[in-house]
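Down below is the structure, laid out as structure tokens.
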Amino acid sequence: MLEAGDLLKTNEKDVPTLLIIGNADLNVPMSVTEDVQAWATRTIVIGGKGHELCDEVVKGGGYQCYLPDIDRFLQYCLSLNGGTE
């Protein structure tokens with residue numbers, strides 16, 4: 001785990017990266033993701049959510065729904081390659 005964690009300290013391949021994390025995650029505290037947050041293209045922090053974000057999209061939509069953010073990020077990535085859809 002330590003070796004894999006060390007590989008996340010930099011984005012050597014300069015790959016566009018979207019990081020979605022919860023601010024109440026007891027399994028993966030913010031200190032564990034600090035390095036990725038430093039180089040991620042975009043980081044979305046969902047308040048009051050934890051590791052359950054890995055299981056399913058936040059139910060009920062509303063302000064905590066991050067699906068529109070994912071759509072915008074994908075559109076951005078496609079535009080980097082000259083694509084539009």
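Computed from a prediction, not measured in an experiment: that's the story for all the values here.
One finds the CD1 atom of Ile70 at 10.5 Å from the CZ atom of Arg42 (value rounded to the nearest 0.5 Å).
Across all non-hydrogen atoms, the minimal contact from Trp39 to Lys9 is CD1-O, 3.4 Å. Nearest heavy-atom pair across Asp25 and His51 is OD2-ND1, 3.0 Å. Closest approach of Met30 and Gln37 over heavy atoms only: O-NE2, 3.7 Å.
Arg72 has its side chain within reach of Asp69: a pair of non-hydrogen atoms, C-beta onward, lies under 4.5 Å apart. Looking only at side-chain heavy atoms (C-beta outward), Tyr76 and Thr41 come within less than 4.5 Å of each other.
Under a cut-off of 6.0 angstrom, the local environment of CG in Leu26 is sparse, with at most 12 non-hydrogen atoms contributed by other residues, nucleotides or ligands.
Two different hydrophobic clusters hold Val36 and Phe73 under the rule that ILVMFWY side chains link at heavy-atom gaps under 4.5 Å.
Within the hydrophobic cluster formed by Ile, Leu, Val, Met, Phe, Trp and Tyr side chains joined at under 4.5 Å, directly or through other members, Val28 is accompanied by Val32.
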Sequence neighbours left out, cut at 3.5 Å: what donor-acceptor pairs do the side chains of residues 12-24 make with other protein atoms?
unit_1, atom_1, unit_2, atom_2, d
Glu12, OE2, Thr10, OG1, 3.4
Thr17, OG1, Val15, O, 2.8
Asn23, OD1, Gly48, N, 2.6

